[in-house]
Amino acid sequence: MRLTRFAEFLEKLEKTSSRIEITKILTNLLNESDQSEIDKVVYLSLGMLAPNYQGTILNLAEKMMLRTLAYAYQKDLTEVTSLYKKEGDVGLVAQELGERLKVKDKNLTVTDVYEKLLAIAEDGGGGSQERKVGKMAKLIGEIDPLSARFITRIPVGKLRLGFSEKTVIAALAAQDPKLEKEIEAAYNIRPDIGYIAGLVKENKLDTVEPEIGVPVAPMLAQRLNSTSEMVKKMGEVSVEPKFDGLRIFIHYRRKDNLIKIFTRNMNSIDIDTFPELKEVGKFIHADEAILDSEAIGVDPKREMFLDFQKTIQRRRKHDIGKTASEIPLQFQIFDLIYINGKSLINEPYLKRREILEKTVQNGGLLRIDENVITDNPDVIKDLHQKYLKMGLEGVVVKRANGTYVSGRTGWNWVKMKEVEGTRGKLSDTIDCVVMG
DNA sequence: AGTGTCTGCCCC
DNA sequence: ATTCTGC
DNA sequence: GCAGAATGGGCAGACACT
């Protein structure tokens, strides 16, 4: 697909606010894209180059984009900066300067542009900022002003077309509710929207299975601060402590000792960041497993939990030895998504926990969250008080027979942090002091 | 080696 | 993470 | 109620400069 054609679609999408209408336009865009380029069309329309978990990062944002525009259009940085301050958007600045200079497009395709952006992302090391700016400026000089409007917004993360992955899935399904459910399920176990779009085109969705090394989209908790409402919505529940740490997924394969770690946002974390997990196989009684957990810092005597700001200091690549001894981590395991080639996503929670308790050696590095099964709101209330007194964040309450549903859909997991009945961190009144 | 600036679909 | 808005 | 966008505080990584 020609970039100019692609830009026409994006312009139409930008002008549209009704999601139904956006979805129709997207369906047309996807229909016009062929098998070899549909992934790139999808990535760029969402302002991305690759799924999160591949760690493809441009390291070129607002400030460098302004330098890029100054270089590309031969203007002073101060002039570009003041234009940017006025417009508040690099895309409008690029389009305007491009129109003034009558920049002509060189018949680039979406694939061409995608590859050039990828090359910018892959550049690094000494002098790379200058090279990135140079490559980006060259690209801008080869595309028409309307395309520049959108392409320049991609690195700064401000495409803002009013849709995201969910809407792309709806567009891929093209009004077929059954197909939409299938695409959604496939996307949740392989959260690579470009890849999924390709599979839909080929009619090969049924090949998707969880895999060691590919993150599953995390299940998230809704917020509720009434225990009786929890029981009303979920019936029998499992009540567990909520730790204030980092959501961590641990993937393990014994055969080649493959250990992969992902965050809640499905970003990959280098194993050297958490060296204690290099031995995780000793504590897992399975050949393959995907564990859902919260990593939490403890004081070196292992007598108390550390707060989030301390725990997050462990998310680093340098000075690991020193930090690791100051901030030992333990992993509170609370779910098992996959074991020995079998997905547990559609198993009820208590069944998954039963297998989890047999699979993970509880104590030391890995600790299985304690839990109480109940349908009594007062029991939840008491546990909530108990965990708050222990310095924890509160409780997570899980529907006993709920499957592992990615995202915040439905009432399967609920969290309660503050005292029951309050409105959350910001209360109705705020203490303030007038300054100056 | 130390400091400053920018960046991060950062983490919460 | 929270909060707000359009649908 | 959902999807998307906008917002914040704090921290470490990457690179440029001296």
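Every chain is numbered from 1 and lettered A, B, ... according to where its sequence line falls, protein lines coming before strand lines. What you see is a predicted model, and the numbers here were worked out from it, not measured in a lab.
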Nearest-nucleotide 5' precedence on DNA chain D, A:Asn59 against A:Lys158: A:Lys158

With heavy atoms under 4.0 Å as the rule, sort A:Gly124 into base, sugar-phosphate or nothing. sugar-phosphate

Just to be sure I understand the rule, does A:Ile169 reach a base, reach only the sugar-phosphate, or reach nothing, if contact means heavy atoms closer than 4.0 Å? nothing

Which part of the nucleic acid, if any, lies within reach of A:Glu165 when heavy atoms closer than 4.0 Å are counted: base, sugar-phosphate only, or nothing? base

Can you figure out which of D:dA14, B:dC9, D:dA12 approaches the side chain of A:Arg316 most closely? D:dA12

What is the distance, to the nearest angstrom, from the CG atom on A:Leu220 to the C1' atom on D:dG1? 16 Å

At less than 4.0 Å, is any side-chain N or O atom of A:Arg160 found next to OP1 or OP2 of D:dA6? Yes or no. yes

For A:Thr409, which contact category applies under a 4.0 Å heavy-atom criterion: base, sugar-phosphate, or nothing? nothing

Under 4.0 Å, counting only non-hydrogen atoms across every strand here, what does A:Arg19 touch: a base, just sugar-phosphate, or nothing? base

What nucleic acid atoms does A:Met64 come within less than 4.0 Å of, heavy atoms only: base, sugar-phosphate, or nothing? sugar-phosphate

Paired to D:dA3 by Watson-Crick or G-U wobble criteria (both distances under 3.5 Å) is C:dT5

Check the distance between B:dC9's C1' and A:Lys166's NZ and give it to me in whole angstrom. 15 Å

Take the protein atom NZ of A:Lys322 and the nucleotide atom P of D:dA12, then report the distance between them rounded to whole Å. 10 Å

Does A:Lys317 come within less than 4.0 Å of A:Asp272, counting only side-chain N to carboxylate O? no

Which of C:dG6, C:dT2, B:dC12 is nearest the side chain of A:Arg223? It is C:dT2

Which nucleotide sits closest to the side chain of A:Ser17: D:dC11, B:dC12, C:dC7? C:dC7

Pair A:Glu393 + A:Lys415, salt bridge at N-O below 4.0 Å: no

Let's see if you can work this out: which of D:dG13, B:dC12, B:dC9 has an atom nearest to the side-chain heavy atoms of A:Asp244? B:dC12

Assign B:dC9 to syn or anti; the rule is syn for a glycosidic angle within 90° of 0 and anti otherwise. syn

Apply side chain to side chain contact (heavy atoms under 4.5 Å, CB included) to A:Met234 and A:Asn412, showing your working. CA-CA 7 Å; A:Met234 297 187 285; A:Asn412 286 295; 5.8 Å; no

Give a yes/no on whether any side-chain N or O of A:Ser18 is located under 4.0 angstrom from OP1 or OP2 of C:dG6. no

Using atom CD1 of A:Ile320 as one end and atom C1' of D:dG13 as the other, report the distance to the nearest whole Å. 12 Å

Could you check whether A:Lys301 pairs with A:Glu303 (Lys NZ or Arg NE/NH1/NH2 to Asp/Glu carboxylate O, under 4.0 Å)? no

Give a yes or no on whether a salt bridge exists between A:Arg190 and A:Glu211, defined as a side-chain N under 4.0 angstrom from a carboxylate O. yes

Using whole Å, what does the distance between atom C1' of nucleotide C:dT5 and atom CZ of A:Phe163 come to? 19 Å

What is the separation between atom CG on A:Asp192 and atom P on B:dC9, rounded to the nearest whole Å? 16 Å

Is it the case that the side chains of A:Asp34 and A:Ser36 hold a donor-acceptor pair, with the cut-off being a distance below 3.5 Å and no angle test? yes

More 5' along DNA chain D: A:Gln129 or A:Thr167, using each one's nearest nucleotide? A:Thr167

Counting the atoms with a prime plus P, OP1 and OP2 as sugar-phosphate, which does A:Gly157 contact under 4.0 Å by heavy atoms, base, sugar-phosphate, or nothing? nothing

Think A:Lys310 has a side-chain N or O under 4.0 angstrom from the OP1 or OP2 of D:dC11? no

Which whole number of Å gives the distance between the P atom of D:dG1 and that of B:dC12? 25 Å

From the options D:dG4, C:dG6, B:dG8, select the nucleotide whose nearest atom is closest to the side chain of A:Ala61. B:dG8

What's the closest nucleotide to the side chain of A:Lys63 if the choices are D:dG4, B:dC6, C:dG6? B:dC6

Would you indicate whether A:Lys166, at its atom NZ, is surrounded by more than 12 heavy atoms from other residues, nucleotides or ligands within a distance under 6.0 Å? no

Checking all strands, does A:Leu60 fall into the base, sugar-phosphate, or nothing category for heavy-atom contacts under 4.0 angstrom? sugar-phosphate

Using a strict 4.0 Å threshold on nitrogen-to-oxygen distance, state whether A:Glu347 and A:Arg352 make a salt bridge. no

B:dG8, OP1 or OP2 - any side-chain N/O from A:Asn267 closer than 4.0 Å? no

Between C:dT2, B:dC9, D:dA14, which nucleotide has the shortest distance from any of its atoms to the side chain of A:Ile57? B:dC9

Can you find an N or O donor on one side and an acceptor on the other, under 3.5 Å apart, linking the side chain of A:Glu130 with the base of D:dC15? no

Nearest heavy-atom neighbours spanning A:Asp319 and A:Thr323: O-OG1, 2.6 Å

Give the rounded distance in Å between these two atoms: CE of A:Met48 and C1' of B:dG8. 15 Å

Can A:Lys138 and A:Glu142 be counted as an ion pair, charged N to O under 4.0 angstrom? yes

Inter-nucleotide P distance (B:dT5, B:dC9), Å rounded: 23 Å

For DNA chain B, please output the secondary structure as dot-bracket, reading 5' to 3'. Pairs are Watson-Crick or G-U wobble, both atom distances under 3.5 Å; mark crossing pairs with [ ], other-strand partners with |, unpaired with a dot. ||||||||.|||

For atom CG of A:Asp319 and atom P of B:dA1, their distance in whole Å: 13 Å

